[in-house]
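Owing to the predicted nature of the structure, the values given are computational and were not obtained by experimental measurement.
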Amino acid sequence: MKNEFDAEEFRRLNNKDRMWFVEYWANYVKTHSDKEWSRQQNILINSLMQNSKNSKMTPQQYLKIKGEKCFR
């Protein structure tokens, strides 16, 4: 049996997941203090920044790869 990629079904499920996350995050922001979720965002952003500093890839290499993936 051959598995065929159903682009329309993928888009539908992806949109459903994205909308769930938007609603989840909106509810989270409404039900938690600014201080609490700001602290959590700060941890995430600092982790991303630290990870980027540890990367062996130059910014130019990253942008080249990113550009190639965008056009596939």
If you round to the nearest 0.5 Å, how far is CG of N14 from CZ of R11? 10.0 Å
Evaluate the criterion side-chain contact (heavy atoms from CB on, under 4.5 Å) for residue pair M49 and I45; output intermediate values, then yes/no. CA-CA 6 Å; M49 295 300 290; I45 291 167; 4.3 Å; yes
Those residues that, when tested against S47, pass side chain to side chain contact (heavy atoms under 4.5 Å, CB included) (two or more places apart): I43
Provide the full list of salt bridge (Lys or Arg N to Asp or Glu O under 4.0 Å) pairs with a residue in residues 17-38, sequence neighbours left out, each pair given once. none
Do you reckon F21 sits in the same ILVMFWY cluster as W37, going by side-chain contacts under 4.5 Å, direct or chained? yes
Check this for me: Y28, atom OH, are more than 12 non-hydrogen atoms of other residues, nucleotides or ligands nearer than 6.0 Å? yes
dist I65:CD1 -> Q60:CD (nearest 0.5 Å) comes out at 12.0 Å
For R12, enumerate each residue passing the salt bridge (Lys or Arg N to Asp or Glu O under 4.0 Å) test, keeping only those at least two apart in sequence or located in another chain. E9
How many angstroms lie between atom CZ of R39 and atom NE2 of H32, to the nearest 0.5 angstrom? 10.5 Å
Would a hydrophobic clustering, with Ile, Leu, Val, Met, Phe, Trp and Tyr connected at side-chain separations under 4.5 Å, put V29 with Y24? yes
Shortest non-hydrogen separation from Q61 to K56 and the atoms involved: OE1-O, 4.1 Å
